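All remarks here apply to the structure that follows.
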Amino acid sequence: MPVCCLLVSEDDSHKPIQLHHQRSVTLGRGQKKMFFFLAVELRADCSRGFISVKQLGVNPTSVDNVVVGKGNQVIIKPGQRLYMVNQQYPYRVKFTEDTSTARSAADLSKPSKRPHQMSSEGNGEKIKSPANTTSTPHTDHHRISDDSPPPKKTLPSESDKSVNWSKGINYFKNILIAPNFYPQVYKDDQVVVIKDKYPKAQYHWLVLPWDSISSLKALRSEHVELLKHMQRVGDQMLQQCPDAHKLSFRLGYHTIPSMSHVHLHVISQDFDSPCLKNKKHWNSFTTDYFVESRDVIAMLEHDGKVTVKEGTSELLKLPLRCHVCHKEQPTIPKLKEHLKAHLPS
DNA sequence: GTTCTAGAAC
DNA sequence: GTTCTAGAAC
């Protein structure tokens, strides 16, 4: 077969993917089962000049304006545009005899590849953010975007209806497939940073590893470097935060997170947010329910694991106490009124 | 994780 | 009467 089929990334995020005649290639099917939702199966027919596209996972795939849908298969011909992950990654089909610029699709479907790499290569890739497209002077190849404080009210979204926040996989699914509502402010080959959908302070980011770690209990010595990296990335968020000089921040973990995917909270200590509504919210950030990132790392280095004291969940029921002056407050509204006194002028 | 709401607290 | 919380439902 003299003709070669190429899937060309329109945003030039990587070299064209070469597809061989009648040989199925699955993109986005990583080592981790949780990423199966991203998978798309491609099979080129070089003699007839089309690629059949089958959406295996829930990752919204579309050809031009037509959504493929999970389990469905469509044909894409030269001139048509294939989108993966909610119109994020556009591709065009090209049939050519020149294979010099192509990168074998086999490379992309290796099990060790993480799914977000299906669109680009290397560490610290840039992130498209509709909110802000300026680069920061702090990094050469990382783009950190949208450093404005969170809006007082969050926008409703279609995807919210399908969110089950208690399951890490769904949380991840939404981070990846609905980037407009879960803006990725940074990502590299190890982690992704998003703004907390329901920020409990003026600045509240989550640093999530691509590789799923269910809870602090699952952490082992081998995770030390990842956790250190997460903390560095968290610190980097502060470097580009315009209010970092006047606000204080804490970086840490909830000992018993409701979301089953280890994530580092980077949160300013003003706790000035309409999303902070109840005792559980407050105590989860101001009691020992919240453990400092450095303490988790130290524990892991020292003991090879992280132990959570029994009865930690009871801390969430403690009376409301100001984290600055430790004065007890009777209700959330009173606490919020009190906190204003500690805000920087 | 959030939203909703009955009933406790005031 | 209103405000606020806590627990069920999602």
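Note that this is a predicted model, so its numbers are computed, not measured. Note on naming: letters A, B, ... go to the chains in the order of the sequence lines (proteins, then strands), and numbering restarts at 1 for each one.
Applying the ring pair (Phe, Tyr, Trp, His ring centres under 6.0 Å) test to residues at least two apart or on different chains, the pairs with a partner in residues 326-345 of chain A are A:His338-A:His342.
Remark: A:Phe285 CZ to A:Arg250 CZ distance equals 10.0 Å, nearest 0.5 Å.
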Review item, nucleotides 8-10 of chain C N/O atoms under 3.5 Å of protein N/O:
none

Distances under 3.5 Å between nitrogen or oxygen atoms of protein and nucleotides 1-5 of chain C:
{"residue": "C:dT5", "atom": "OP1", "partner": "A:Ile332", "partner atom": "N", "Å": "2.7"}

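The residues A:Lys334 and A:Glu337 are annotated as not salt-bridged, no charged nitrogen and carboxylate oxygen being separated by less than 4.0 angstrom. In summary, A:Asp243 and A:Lys246 engage in a salt bridge, as defined by a charged side-chain N under 4.0 Å from a carboxylate O. The existence of a salt bridge linking A:Glu292 and A:Arg294 is confirmed by a sub-4.0 Å separation between a basic side-chain nitrogen and an acidic carboxylate oxygen.
By the rule that hydrophobic residues join a cluster once side-chain heavy atoms approach within less than 4.5 Å of another member, A:Val296 and A:Val193 end up as members of one cluster.
The aromatic rings of A:His323 and A:Trp282 sit perpendicular, their planes meeting at an angle over 60°, well past the 30° parallel limit.
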